[in-house]
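Values below: every heavy atom of this structure, side chains too, minus hydrogens, waters and symmetry copies. This is a predicted model, so every value here is computed, not measured.
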Amino acid sequence: MNKIIVIAPHPDDEIIGCGATIAKHVKRGDEVYIIIATNGFVGAPDLFSKESVESVRGEALKAHRLLGVKETIFLDFPAPALNSFPEFKISIEFSKIFNRIHPSCLYIPHSGDIHQDHKAVYRSSLVAARPQRDYSIKNIYCYETLSETEWTPMQETSFVPNHFVDVTSVFEEKIKAMMCFKSQIKMFPHTRSIETFEALAKYRGSTVGVKRAEAFFVERQVCTE
């Protein structure tokens, strides 16, 4: 059994980026933990009411139960204002969770995502995941988040995947989990539509010869055998 941590800047990023991979880990007998980093009504109460944040968190819990997630951890860092928040405080909270759970694998947002919250979570995650004493996280993968990753500014590093997970057998579970986020789903051709998620999975799969795939960028991968 492996312990897996997925860090999402906001609820639903984790399902968009690696929902099917989460399902695959669970089916293998791995324990999956999800960290939701931000709380909208703290950082931007004019944009996110306390009620709306609690509602989307409820959607997240429903989606995670469907996938078989072991634990969901909600943090209260301010969204969408992490770019103006001390990142060392975020790293400290992530470190506390890593030290409690001791994950072997970590999934985080991509560094080139257009949303500043995603960039801050990426950097804070890597600081917290530095090898310390006799423990280190062996594998770190960056996922792609539609409506963020594909809009990478020209001066940033684009998402070029080099790790693919065949999710053909579990892809429908990702779609069911995503459908729990009724407040977040958009109509096609918006990138946060079910049709677009399906199209991306087919495209990523076709590039490696499978029917459906989720793609990642390898930040760290330690082979022990």
Separation of [Y] [atom2] from [X] [atom1] (nearest 0.5 Å):
| X | Y | atom1 | atom2 | result |
| --- | --- | --- | --- | --- |
| T149 | L200 | OG1 | CG | 9.5 Å |
| R212 | T168 | CZ | OG1 | 7.0 Å |
| I108 | F94 | CD1 | CZ | 9.5 Å |

Not counting sequence neighbours, which residues clear side chain to side chain contact (heavy atoms under 4.5 Å, CB included) with [X]? List them please.
| X | answer |
| --- | --- |
| T207 | F164, Y203 |
| D30 | N2, I4, H25, R28 |
| T157 | none |
| K3 | M1, E31, Y33, I101 |

Report the C-alpha distance between H110 and Y122 in whole Å, list the side-chain angles of each, state the deciding distance to 0.1 Å, and finish with yes or no for ring pair (Phe, Tyr, Trp, His ring centres under 6.0 Å). CA-CA 7 Å; H110 183 249; Y122 166 83; 7.2 Å; no
Basic-acidic side-chain contact under 4.0 Å: R204, E144: yes
Salt bridge check: are K176 and E173 linked by an N-O gap of less than 4.0 Å?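 Salt bridge between K176 and E173, a charged N being under 4.0 Å from a carboxylate O: no.
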Excluding sequence neighbours, so at least two apart, what forms side chain to side chain donor-acceptor pair (under 3.5 Å) with T145?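 So T145 forms no side chain to side chain donor-acceptor pair (under 3.5 Å) with any residue.
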Please identify each residue that fulfils side chain to side chain donor-acceptor pair (under 3.5 Å) with S136, with sequence neighbours left out.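 S136 satisfies side chain to side chain donor-acceptor pair (under 3.5 Å) with K138 once adjacent residues are dropped.
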V167/K174 under side-chain contact (heavy atoms from CB on, under 4.5 Å): CA gap, chis, key distance, verdict: CA-CA 9 Å; V167 296; K174 170 176 180 162; over 6 Å; no
Distance-only check: which donor-acceptor pairs under 3.5 Å involve side-chain atoms of residues 177-189, not counting sequence neighbours?
from: S183; atom 1: OG; to: E59; atom 2: OE1; distance (Å): 2.7
from: S183; atom 1: OG; to: E59; atom 2: OE2; distance (Å): 3.4

Give a yes or no on whether [X] and [Y] share a hydrophobic cluster (residues Ile, Leu, Val, Met, Phe, Trp, Tyr; joining criterion: side-chain heavy atoms under 4.5 Å apart).
| X | Y | answer |
| --- | --- | --- |
| V69 | F98 | no |
| V160 | V208 | no |
| V32 | V170 | yes |

Ring-ring centroid check F85 F77, cutoff 6.0 Å: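 Centroid separation for F85 and F77: below 6.0 Å.
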Ring-ring centroid check Y143 F216, cutoff 6.0 Å: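 Not under 6.0 Å, so no.
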What I'd like to find out is whether the side chain of [X] reaches to under 4.5 Å of the side chain of [Y], using heavy atoms alone.
| X | Y | value |
| --- | --- | --- |
| V6 | I35 | no |
| N39 | L75 | no |
| L126 | E219 | yes |
| K70 | V26 | no |
| L66 | K62 | no |
| L82 | V121 | yes |
| I7 | L106 | yes |
| R220 | I137 | yes |

Stepwise, does the side-chain contact (heavy atoms from CB on, under 4.5 Å) test hold for I97 with I5? CA-CA 9 Å; I97 298 169; I5 289 182; 4.1 Å; yes
May I have the step-by-step check of salt bridge (charged side-chain N to carboxylate O under 4.0 Å, His left out) for E71 and R100, ending in yes or no? CA-CA 12 Å; E71 181 183 354; R100 172 171 67 88; 3.2 Å; yes
Listed partners of E156 passing salt bridge (charged side-chain N to carboxylate O under 4.0 Å, His left out), at least two apart: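 Salt bridge (charged side-chain N to carboxylate O under 4.0 Å, His left out) check on E156 returns K119.
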Pairing residues for E87 by the salt bridge (charged side-chain N to carboxylate O under 4.0 Å, His left out) criterion, not counting sequence neighbours: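 For E87 the salt bridge (charged side-chain N to carboxylate O under 4.0 Å, His left out) partners, ignoring immediate neighbours, are R123.
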Check for a donor-acceptor pair, side chain of [X] on one end and backbone N or O of [Y] on the other, with a separation under 3.5 Å.
| X | Y | answer |
| --- | --- | --- |
| D113 | H115 | no |
| D117 | A79 | no |
| S91 | S124 | yes |

Is W151 isolated, or which residues cluster with it under the ILVMFWY side-chain rule of less than 4.5 Å, directly or via members?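 In the cluster with W151 are I114.
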Going by atom types alone, do S55 and S52 pair a side-chain donor with an acceptor below 3.5 Å? no
Tell me the salt bridge (charged side-chain N to carboxylate O under 4.0 Å, His left out) pairs involving residues 146-155, sequence neighbours left out?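 Those involving residues 146-155 do not exist here.
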Nearest atoms (heavy-atom pairs only) where C142 meets F159: O-CE1, 3.6 Å
Shortest non-hydrogen contact from T38 toward R57: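 Scanning both residues, the minimum pair turns out to be O-NH2, 3.5 Å.
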Please list every donor-acceptor pair under 3.5 Å in which a side-chain atom of residues 11-23 meets a protein atom from a residue at least two apart or in another chain.
from: D12; atom 1: OD1; to: R192; atom 2: NH1; distance (Å): 3.0
from: D12; atom 1: OD2; to: R192; atom 2: NH1; distance (Å): 2.6
from: D13; atom 1: OD1; to: R192; atom 2: NH2; distance (Å): 3.3
from: D13; atom 1: OD2; to: H10; atom 2: N; distance (Å): 3.0
from: D13; atom 1: OD2; to: H10; atom 2: ND1; distance (Å): 3.1
from: D13; atom 1: OD2; to: H118; atom 2: NE2; distance (Å): 3.4
from: E14; atom 1: OE1; to: D12; atom 2: N; distance (Å): 3.0
from: E14; atom 1: OE2; to: H64; atom 2: NE2; distance (Å): 2.7
from: T21; atom 1: OG1; to: E214; atom 2: OE1; distance (Å): 2.5

Intermediate values then yes/no, side-chain contact (heavy atoms from CB on, under 4.5 Å), I73 and I34: CA-CA 6 Å; I73 303 161; I34 295 177; over 6 Å; no
